[in-house]
Student: 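Handing you a structure now.
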Amino acid sequence: MEYRTLGKTGLKISTLGFGGIPIQRIDADRTKELMHGLLDAGVNYIDTARGYTVSESYLGYALEGIRDKFVLATKSMARTREAMAADIETSLTNLRTGYIDLYQVHNPNLAQLEQVCGAGGALEALTEAKAAGKIGHIGLTAHSVEVFEKALELDWVETIMFPYNIVESQGEALIEKCAEKNVGFIVMKPLAGGAIEDATLAIRYVCANPNISVVIPGMADPAELKQNLAAAADTAPLSAEELENIHRIRRELGTQFCRRCNYCAPCAAGISIPSVFLFDGYLSRYGLADWAKGRYGSMAKTASDCIGCGICETRCPYNLPIRRMMKAVAARFGK
């Protein structure tokens, strides 16, 4: 197992980490088996979130007796001091630990990030928890390039998590800036939410970038762990055949894949278009139907509210047929 330093945190972590979204569809005992498999393989980085329903609780149970062998990260959608303080305590309880190595602000937009940093914002609670030894380091996760750019200007941000994969390279220049500024970079969505079927190629592609700190594919099965371990361990340069497959995947997904850049916004009907496609990915690819439907159903406006004006399509840099895609999502979710 290769280990890299997670930016200014100084933490030594395995290049292959563990993403805690898919364990929502298994149980605590199978999660425990996975954690012991990680330990045996030398994988020492685990990521979860308050929003991943039972994920924190399953991991808390699974890590009993071996928690000190891992760098444990979680995150919260809280934007205020009070809400973030409460979430930190809940995470500590769920994870059955006295400290969390990395606590992240989960996917804020620019306005929410300003709130987090302002008076009474979530950063106050994070800073207090860090001073108290409840958390070790503070990071941020993002889906938009604009938030990524802003995060790199903030001294308190020690790590940034952002999508990076064969079909989502929009953050590549900023990933390089992370290395220059000694900010740890955590790769989310290495398989593009499951859109990339060749997991081995996807992991090899990401790990070939020396500027990434860790890649966290979601795993819920020992077979997935074995496959990802083999991919991460293969440090040979990408072959001509692999490079051709990368180009093929880009051709196949490039016209039908939302990269969540948010250039389509604002929607005339008030729909968060990237969120619609994000939840559709969880429904169609991750097999998390109940979880995806719950979050999709909580949206103020869903795909069925599309008025078909097409303005979003004129803004999309990838020329996605958004109106047609929205109709397909509405059909899958039934609203």
Side-chain angles (χ1 to χ4, degrees), residues 15-17 19 21 141-149 160-179 185-219 224 227-228 230-232 234-265 273-286 312-329 332:
T15 304
L16 179 70
I21 288 180
T141 80
H143 283 279
S144 80
V145 171
E146 291 78 13
V147 174
F148 193 161
E149 288 177 324
I160 295 175
M161 181 192 294
F162 192 79
Y164 176 53
N165 54 62
I166 289 170
V167 293
E168 293 184 278
S169 58
Q170 69 271 24
E172 211 155 47
L174 295 174
I175 295 170
E176 186 173 349
K177 286 187 178 180
C178 279
F185 182 74
I186 303 161
V187 179
M188 72 161 98
K189 305 289 188 282
L191 276 67
I196 300 170
E197 295 181 359
D198 189 338
T200 296
L201 179 60
I203 298 297
R204 280 191 24 80
Y205 171 84
V206 169
C207 289
N209 187 333
N211 295 320
I212 71 123
S213 305
V214 59
V215 54
I216 53 167
M219 293 178 271
E224 294 171 338
Q227 181 181 35
N228 291 335
D234 185 356
T235 57
L238 293 166
S239 68
E241 182 180 358
E242 287 176 312
L243 292 172
E244 175 54 34
N245 283 335
I246 286 169
H247 294 316
R248 175 185 57 76
I249 291 168
R250 286 174 175 160
R251 288 194 300 270
E252 291 176 355
L253 294 179
T255 60
Q256 292 291 316
F257 184 78
C258 176
R259 292 160 176 81
R260 298 182 296 282
C261 63
N262 209 40
Y263 290 131
C264 57
I273 296 171
S275 294
V276 164
F277 294 140
L278 176 65
F279 294 136
D280 183 53
Y282 285 126
L283 175 73
S284 305
R285 301 178 188 124
Y286 276 126
C312 55
E313 294 181 4
T314 68
R315 301 179 183 134
C316 177
Y318 303 104
N319 301 311
L320 293 178
I322 296 175
R323 287 174 289 181
R324 188 171 76 236
M325 292 168 69
M326 294 288 271
K327 287 181 180 178
V329 173
R332 278 190 285 274

Student: For the pair Arg204 and Glu242, find out whether any cationic side-chain nitrogen is under 4.0 Å from an anionic carboxylate oxygen.
Tutor: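 The answer is yes: the pair qualifies as a salt bridge.
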
Student: For atom CD of Glu244, decide whether the heavy atoms of other residues, nucleotides or ligands shown that lie under 6.0 angstrom number more than 12.
Tutor: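 Yes, CD of Glu244 has more than 12 neighbouring heavy atoms, counting only those of other groups under 6.0 Å.
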
Student: Going by ring pair (Phe, Tyr, Trp, His ring centres under 6.0 Å), name the residues that satisfy it together with Tyr282, two or more places apart in sequence or in a different chain.
Tutor: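 Tyr282 satisfies ring pair (Phe, Tyr, Trp, His ring centres under 6.0 Å) with Tyr286, Trp291 once adjacent residues are dropped.
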
Student: Nearest 0.5 Å please: distance from the CD1 atom of Ile216 over to the OG1 atom of Thr15.
Tutor: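 One finds 13.5 Å between CD1 of Ile216 and OG1 of Thr15.
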
Student: Would you say Ile160 and Ile186 make side-chain contact, with heavy atoms under 4.5 Å?
Tutor: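 No, every pair of side-chain atoms sits at 4.5 Å or beyond.
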
Student: Heavy atoms only: give me the nearest His143-Pro163 pair and the separation to one decimal.
Tutor: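 Closest approach of His143 to Pro163: ND1-CG, 3.7 Å.
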
Student: Just verifying a value: how many Å separate Arg332 CZ and Leu283 CG, rounded to the nearest 0.5 Å?
Tutor: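 Reported to 0.5 Å precision, the distance equals 7.5 Å.
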
Student: Can you tell me how far apart OG1 (Thr200) and CG (Asn228) are? Round to the nearest 0.5 Å.
Tutor: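 The CG atom of Asn228 is 7.5 Å from OG1 of Thr200, to the nearest 0.5 Å.
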
Student: List the steps and the verdict of side chain to side chain contact (heavy atoms under 4.5 Å, CB included) for Gln170 and Phe162.
Tutor: CA-CA 10 Å; Gln170 69 271 24; Phe162 192 79; 4.1 Å; yes

Student: Can you say whether the rings of Tyr164 and Phe185 are parallel (under 30°), tilted (30 to 60°) or perpendicular (over 60°)?
Tutor: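 Taking Phe185 first and then Tyr164, their aromatic rings stand perpendicular (interplane angle over 60°).
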
Student: For residues Phe148 and Gly171, report the shortest heavy-atom separation together with the two atoms involved.
Tutor: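 Heavy-atom minimum between the residues: CE1-O, 4.1 Å.
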
Student: Going through the distances and angles, do Lys189 and Leu278 end up as a side chain to side chain contact (heavy atoms under 4.5 Å, CB included)?
Tutor: CA-CA 11 Å; Lys189 305 289 188 282; Leu278 176 65; 4.2 Å; yes

Student: Under 3.5 Å, is there a donor-acceptor pair between the side chain of Asn211 and the main chain of Ile175?
Tutor: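 No, the answer is negative, given that no donor and acceptor are paired below the 3.5 Å cut-off.
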
Student: With side chain to side chain contact (heavy atoms under 4.5 Å, CB included) as the test, would you mind laying out the steps for Val329 and Phe277 before giving the verdict?
Tutor: CA-CA 8 Å; Val329 173; Phe277 294 140; 4.0 Å; yes

Student: To the nearest 0.5 Å, tell me how far Met326 CE sits from Asp280 CG.
Tutor: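 If I round to the nearest 0.5 Å, the distance is 10.5 Å.
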
Student: Grab the two heavy atoms, one from Ala199 and one from Leu191, that are nearest each other, plus how far apart they are.
Tutor: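 Of all heavy-atom pairs spanning Ala199 and Leu191, the closest is CB-CD2, 3.7 Å.
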
Student: Do you know the tightest heavy-atom contact between Ile203 and Ala232?
Tutor: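 Shortest heavy-atom separation between Ile203 and Ala232 comes out as CG2-N, 4.0 Å.
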
Student: If you look at every heavy atom in Val167 and Ala192, which pair is closest and at what distance?
Tutor: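 Scanning both residues, the minimum pair turns out to be CG2-CB, 3.9 Å.
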
Student: Report the residues that fulfil salt bridge (Lys or Arg N to Asp or Glu O under 4.0 Å) with Arg324, sequence neighbours left out, ordered by chain and then residue number.
Tutor: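 By the salt bridge (Lys or Arg N to Asp or Glu O under 4.0 Å) rule, Arg324 matches no residue at all.
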
Student: Report the distance from atom CD1 of Ile166 to atom CD of Glu252, rounding to the nearest 0.5 Å.
Tutor: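 Spacing of CD1 (Ile166) from CD (Glu252) equals 11.0 Å.
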
Student: List the steps and the verdict of side chain to side chain contact (heavy atoms under 4.5 Å, CB included) for Leu201 and Leu238.
Tutor: CA-CA 9 Å; Leu201 179 60; Leu238 293 166; 4.3 Å; yes

Student: Is the shortest side-chain heavy-atom distance between Leu16 and Pro217 below 4.5 Å?
Tutor: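 Leu16 reaches Pro217 side chain to side chain.
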
Student: Work out which heavy atom in Glu224 is nearest to a heavy atom in Met219; give both atom names and the distance.
Tutor: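 The answer is OE1-CA, 3.4 Å.
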
Student: So how far is it from Ser169 OG to Arg250 CZ, rounded to the nearest 0.5 Å?
Tutor: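 If I round to the nearest 0.5 Å, the distance is 5.5 Å.
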
